[in-house]
Amino acid sequence: MTDQELEKAAANGLINRRHLLGLGLAGMGAAVANSALAADAGMLLEIPAWSKTPGPGASDYGGRSSYAGQFQRMSGAPNPTYPGGGASRSPLQHLQGTITPNGLHFERHHAGVPDIDPSQHKLVINGLVRQPLVFSYEDLLKYPMVSKIYFLECSGNSGALWGANGADAPDGTAQSIHGLVSCAEWTGIPLSTLLDEAGVEPEARWIGAVGADAASMGRSVPLDRAMDDVLVALYQNGEPVRPEQGYPMRLLVPGCEGNISVKWLTQVKLTREPSHFRDETSKYTDTQPDRLSRQFTFPMGTKSLITTPSGQMTLNRPGLYQITGIAWSGRGSIRRVEVSADGGQTWADALLDDQHSHKALARFRIPWQWSGGSAILQSRATDSLGNIQPTRTGLINEVGLLGRYHFHGIQSWGVNSAGEVRNVFA
Amino acid sequence: MSLPNKLIGILVTLAVSLTGFHFVSQAQSVGLGTPISESQLTDFDQIAGPDGSGFPAGSGTALQGKAVFEAQCAACHALGGEGTSAATVLVGGDMHSEGTPLRTVGSYWPYASTVFDYIRRAMPATAPKSLSDVEVYQVTAYVLYLNGIIDQYKVLNSESLPQIEMPNKDGFIDHSQAQ
């Protein structure tokens, strides 16, 4: 396939996304075949050994092929002064599509993962209700449930890109910088069903949600949001919620900073005012340049990032590549993702999978002809409300550098002439 | 929910489990929550709020809290609360200092109630909920004393603690209704 047949969409090699569809796809296949197989043109294909021997039979629990890579979550070293505290990050650059496998969903714990026997676990609804109620796990399994795909993102995600100490995380990968976002299908009971059953008193304005972990993590959620799309989630991608995600049940507040989706949910208390828990005062608050701090900043910003190529990868030879990544918005769905190969001077529309991305991850792709020169790859998301992902500098100009949460500026991956991809501040 | 409604709810549930039919009308509450009274929840519900709700009986001063702090907290937070890591600093800071302000209980937290609420439920990190309510009052007083917010004789209890004014009490903006 010749260069002329690939319709340019923006400078420095971006190709019209239609080449990923129909005819264009065949074209891409040809280009890839050229580079990957041409050297062995004389080779005769043979039947491989595994086609001649029966493999092991069915198993009780499946795992990944040993050839498919050893990628895992990335967790920090245990800290004796913070027992069970810390986080692990999803290997975003190794994943495709939009659903995070359960064992790779990011974690953030404040006092470790409790080992909860569901037959002993209680969910209490009390405070400003007509009748305080206690639910067992078994009770809750009998309620009408809904299944919805939602992302969860820690509001500390991508914090390295604030570059507060001037460090630009040159060794950063999609996982190490952005791995505190994941996406799953959550099945559970609308919290409103349970609140209605207890009978919310008219003066109630907030709920205080508390987990059964050793830190009794607590967060306040406004009642209007709690009555809207919040779930008491019991299943994650079809199986019971994993222990590190809150087994036997967690709150799931779609689109909002992950911390308010309280895991191991054991109490929902209706109150007039927020409870001002430690993790909504000391932490998870955003100090502005005027030294006032925004509290209860729930929705996660409109955001995207390229997962391939991304930090620490190497492009082996000039040629045609598929740029791909994820985009999400805590306020709606992803309407558009644009990609730039010249550090944001020119942009081309990426192809979005035709999937429902309301408060869920969207996957984007676009072909890119790498000339072998330097490039700065960026992506920019627009959500269904028209919110456009800001540049890193634009975000910092807007909110300053005293906040530690809610970074959602544009990620720049620099590609040098050796094909090495590195995090850069552009 | 009235009793007849609740019975209907349970009957619907029984029908579901007997037939394997998996649809329950959304409008029809299943009604399986067991009523409980607030008096049965006094130990379970540990939320202590700025409005004074949820504080248990008991009282304590910083003078009494010093020993508790040194035995139970100083290993991680250091004797003067200056911390052994960025996450464990409990004193100091000024929101109007040059550069990035150090944000601690003393410089940042808007409510004293949160100090009690958090320590009672989450500290000491190795053995949360191992302190008595009186010890929590004492050690809360000590943390506030280390920050120069109260003197060592100030008696903290369910009445006095929520009334303590924190230096940064006006430092927050409620963004909960921002779109």
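These numbers come from a predicted model, not from an experiment. Within every chain, numbering begins at 1; the chains are lettered A, B, ... in the order of the sequence lines, protein sequences first and strands thereafter.
- Using a 4.5 Å cut-off between heavy atoms, A/R331 contacts chain B through its side chain alone, with no backbone atom that close.
- Looking at A/S220, there are no atoms closer than 4.5 Å to chain B (heavy atoms on both sides), in backbone or side chain.
- When heavy atoms are compared at a cutoff of 4.5 Å, B/T100 approaches chain A by way of both its backbone and its side chain.
- No donor-acceptor pair under 3.5 Å is formed between the side chain of A/T81 and the backbone N or O of B/C76.
- Your options are B/D51, B/I47, B/D174, and the one with the most heavy-atom pairs under 4.5 Å with chain A is B/I47.
- Proximity to chain A involves both the backbone and the side chain of B/R121, based on heavy atoms less than 4.5 angstrom apart.
- Remark: the backbone N or O of B/G171 is not paired with any side-chain donor or acceptor of A/Q295 at under 3.5 angstrom.
- Here the shortest heavy-atom pairing between A/K142 and B/V30 reads O-CG2, 4.2 Å.
- Other residues, nucleotides and ligands contribute over 12 non-hydrogen atoms within 6.0 Å of the CG atom of A/D117.
- Side-chain polar atoms of A/T281 and B/W109 form no donor-acceptor pair below 3.5 angstrom.
- For A/F277, the parts lying under 4.5 angstrom from a heavy atom of chain B are both the backbone and the side chain.
- The contact between B/D170 and chain A is made entirely by backbone atoms, counting heavy-atom distances below 4.5 Å.
- Most heavy-atom pairs under 4.5 Å with chain A, from the set B/A48, B/G99, B/A127: that is B/G99.
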Margin query: Apply side-chain contact (heavy atoms from CB on, under 4.5 Å) to residues B/I173 and A/Q288 and explain how you reach the verdict.
Written below: CA-CA 10 Å; B/I173 310 163; A/Q288 305 175 153; 3.6 Å; yes
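- Using a 4.5 Å cut-off between heavy atoms, A/P222 contacts chain B through its side chain alone, with no backbone atom that close.
- Contact annotation for A/E138: neither backbone nor side-chain heavy atoms come within less than 4.5 Å of a heavy atom of chain B.
- There is no contact between A/R205 and chain B, counting heavy-atom distances below 4.5 Å.
- Interface remark: of the candidates A/R294, A/K283, A/H276, A/H276 forms the most heavy-atom pairs closer than 4.5 Å to chain B.
- Remark: B/E38 CD is packed, more than 12 non-hydrogen atoms of other residues, nucleotides or ligands lying under 6.0 Å away.
- Chosen from B/L41, B/D45, B/T104, the residue pairing most often with chain A at heavy-atom distances under 4.5 Å is B/D45.
- When A/L292, A/D139, A/V134 are compared by the number of non-hydrogen pairs under 4.5 Å with chain B, A/V134 comes out ahead.
- Residues of residues 209-216 of chain A lying under 4.5 angstrom from chain B, judged on non-hydrogen atoms, are A/V210, A/D213, A/A214, A/A215, A/S216 in numerical order.
- The minimum heavy-atom distance between A/S275 and B/P50, with the atom names listed, is O-CD, 3.5 Å.
- Among A/L401, A/T287, A/D286, the residue making the largest number of heavy-atom pairs under 4.5 Å with chain B is A/T287.
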Note to self: Working note: B/N168 + A/R291, criterion side-chain contact (heavy atoms from CB on, under 4.5 Å); need CA distance, chi angles, decisive distance, verdict.
What the structure shows: CA-CA 10 Å; B/N168 195 38; A/R291 309 299 164 121; over 6 Å; no
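- Between B/P35 and A/Q131, the shortest heavy-atom distance links the atoms CB-NE2, 3.3 Å.
- Counting heavy-atom pairs under 4.5 Å between each of B/G49, B/S176, B/S37, B/A122 and chain A puts B/S176 at the top.
- Looking at B/Y108 and A/T285, their side chains do bring a donor and an acceptor atom within 3.5 Å of each other.
- At a 4.5 Å heavy-atom cutoff, B/Q40 makes no contact with chain A through either its backbone or its side chain.
- Here A/T266 is the residue among A/T266, A/L194, A/L140, A/V221 with the most heavy-atom pairs under 4.5 Å with chain B.
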Note to self: As a quick check of understanding, evaluate side-chain contact (heavy atoms from CB on, under 4.5 Å) for B/M123 and A/R278, giving each step before the final call.
What the structure shows: CA-CA 12 Å; B/M123 289 292 137; A/R278 180 261 188 178; over 6 Å; no
